[in-house]
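What you see below is based on every heavy atom in this structure, not just the backbone, and it leaves out hydrogens, waters and symmetry mates.
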Amino acid sequence: MDLKPTKPLSGFIELLPAQQRCFDECARRMQEVLNYAGYSRLDLPAIERAEVLTDKDNWDEIETQIFLFQKGDTKMGLRYDGTVGLARFVAGHMNDLAFPFRVYQFARNYRGERPQRGRYREFWQMDIDVLGIQNLSTNYDAEIVATLAQMYESISDIVGSVKVKVGNRRFWNAMFEYLNLTPEQARAVFILVDKKDKISDFVEGLVDTVGADKANEINSVFTNGYRSFLNKTMNLDAAINEMDHFMELLRVMGVKNAEIDVSIMRGHAYYTGIVFEFFSVDYPELPAVGGGGRYEDLVSKFSKTRIVGVGASIGVSRLLVALMEMGKINLSKWERPIDVAILVMGDDNLQYALTVESALRNAKIPSVAYLDADKKFKNQIEYADKIMAKYSMIIGEDEAKNNVVALKDMATGDQQTVSVSDAIKLIQGR
RNA sequence: GCGGAUGUAGCUCAGCUGGUUAGAGCGUCGGUUUGUGGUACCGAAUGUCGCCGGUUCGAAUCCGGUCAUCCGCCCCA
């Protein structure tokens, strides 16, 4: 008989138990930060109607990378991020929500594209949004960045520290207006700036697109700084002041490692103002590990009410799984879930062993009994060793008869015969 | 969709210019007298050498195709 493959599909992730415990702990800490920051969790369906996931505006971008399928006459697909579902949800439950609405999702998302390092077809993402009706102060933009920074900080002992780079779409729109670019030129420059760090012929590209003079001015944003465009137009002033105010708020909220980098654009069509991306300081080879920005009219395809907001996401898989695959996360503290292995010398002693196991578990000591009680002792203690139990508790005829256990410290090899209650005290260090 | 690399045991890989029954380490299972592990020793199981075709007396090895995986590009998080 042909054996079927044991590997998951390309781009899908499986974690080993210790890795999963580490992942869960990181997720727990980040969600704890969100709870204190007043965010409610939303757990939406992974599958949405195809018409919800796609529309004519972004069909070309999305159609090639989305998992689409059909049941009967219903076309559906797997969500590729949290934003679309959130927009649908908010539009449908506006009466039940209080705005500004702070909300997060921690969920698997799916992209059908070809995988590469740090990019998966199924991945966990933490989506964080603040939504307002009609208006929402850009102060929330700063607050959400501060919240993200705290989330990263909460796991920095595991994944290292991050820095955040801040850009502004509004600044570039004002620039394009100031330079009188055609929409086609603006779009081309936008893409060039977005890719600036990746390409070597940035300036040449600008010259080809807008001519030498304007290319020079655009490039001077990076050589002389964005503030050199103050006092040119009202919109430029507004955008520049917005960035400076934003950075001032980050400073007040204690965000470290924040800097303006106007080349941060983010490809998404829906961002309209401040945008930001988080990068690993300790592992600069990783792509952005999170980011987001301000958007307008998110909900317009579901509702006539104008909803604006600021959203961000943390690529949890990208960050954690990539580091695990690189061997950069010390998993030793996640590899020891069990404190006590109860070794049972023969079926006759099983019942007593089970009462001991219950006593340990009631005392909140993670413990497992080796229930193949007729297996050789050697196999049992090898198992205790393999799961890295701190203690073995050996239960044979004598122990069962006298209501005691032989407690063995697996690191030192020391062994003593004590009552169950004394064993619990010893294990708990009292 | 495009380009590059790689497909041999559960895992990591070795097999030089084609030559009989295909190897190592790790892991798994068993054993070194059946209440003492991490070390050591002995033994065992497991492969149609990714798939199809071609060249050849003979192919894991050479050639073509195909599929898959990884890396990169496009695009994106």
Taking only Lys NZ, Arg NE, NH1 and NH2, and the carboxylate oxygens of Asp or Glu, determine whether [X] and [Y] approach each other closer than 4.0 Å.
X	Y	answer
A:Arg170	A:Glu242	yes
A:Lys386	A:Glu382	no
A:Arg306	A:Glu296	yes
A:Arg108	A:Glu122	yes
A:Arg21	A:Glu25	no
A:Lys75	A:Glu51	no
A:Glu184	A:Arg187	no

In whole angstrom, give the distance that lies between atom [atom1] of [X] and atom [atom2] of [N].
X	N	atom1	atom2	answer
A:Arg187	B:C75	CZ	P	10 Å
A:Arg111	B:C76	CZ	P	10 Å
A:Leu407	B:U36	CG	P	17 Å
A:Asn379	B:G30	CG	P	6 Å
A:Met345	B:G37	CE	P	12 Å
A:Ile381	B:G35	CD1	C1'	9 Å
A:Glu382	B:G30	CD	C1'	12 Å
A:Asp385	B:G27	CG	C1'	15 Å

*Output yes when a side-chain donor or acceptor of A:Arg79 lies under 3.5 Å from a complementary backbone atom of A:Pro45, and no otherwise.*
yes

Donor + acceptor pair across side chains of [X], [Y] (<3.5 Å):
X	Y	answer
A:Tyr295	A:Asp129	yes
A:Tyr226	A:Asp244	yes
A:Asp24	A:Gln20	yes
A:Tyr104	A:Gln31	yes
A:Asn330	A:Ser332	yes

Between [N] and [M], how far apart are the two [atom1] atoms, rounded to whole Å?
N	M	atom1	result
B:G30	B:G35	P	15 Å
B:C71	B:C29	C1'	38 Å
B:A5	B:A45	C1'	34 Å
B:C67	B:C52	C1'	10 Å
B:U66	B:A14	P	26 Å
B:U46	B:A9	C1'	6 Å
B:U17	B:G27	C1'	35 Å
B:U56	B:C63	C1'	12 Å

*Result of checking A:Ile274, A:Asn173, A:Ile240 against A:Asn168 for side-chain contact (heavy atoms from CB on, under 4.5 Å)*: A:Ile274

What is the nucleic acid contact for [X], judged by heavy atoms within less than 4.0 Å: base, sugar-phosphate only, or nothing?
X	result
A:Phe123	base
A:Tyr120	base
A:Glu277	nothing
A:Gly413	base
A:Ala411	base

Tabulate atom names and distances for all N/O pairs under 3.5 angstrom spanning the protein and nucleotides 67-70 of chain B.
from: B:C70; atom 1: OP2; to: A:Ser10; atom 2: OG; distance (Å): 2.8

*Contact nearer the 5' end of RNA chain B, comparing A:Thr412 with A:Lys376*: A:Lys376

_On RNA chain B, does the nearest nucleotide to A:Lys195 precede the nearest nucleotide to A:Ala406 from the 5' side, or the other way round? Give the residue._
A:Ala406

*Return the residues of residues 386-404 of chain A meeting this criterion: a heavy atom under 4.0 Å from some atom of RNA chain B. Order them by number, or give none.*
A:Lys386, A:Ile394, A:Gly396, A:Glu397, A:Asp398, A:Glu399

*Given the rule that a pair is Watson-Crick or G-U wobble with both distances under 3.5 Å, how would you write RNA chain B in dot-bracket, using | for pairs to a different strand?*
(((((((..((((.....[...)))).(((((.......))))).....(((((..]....))))))))))))....

*Hey, does the side-chain of A:Gln380 have a donor or acceptor N/O within less than 3.5 Å of a partner on the base of B:U36?*
no

*What about A:Lys378, does its side chain sit under 3.5 Å from the base of B:U36 through a donor-acceptor pair?*
no

*Tell me whether the OP1 or OP2 atom of B:U34 has a side-chain N or O from A:Lys375 closer than 4.0 Å.*
no

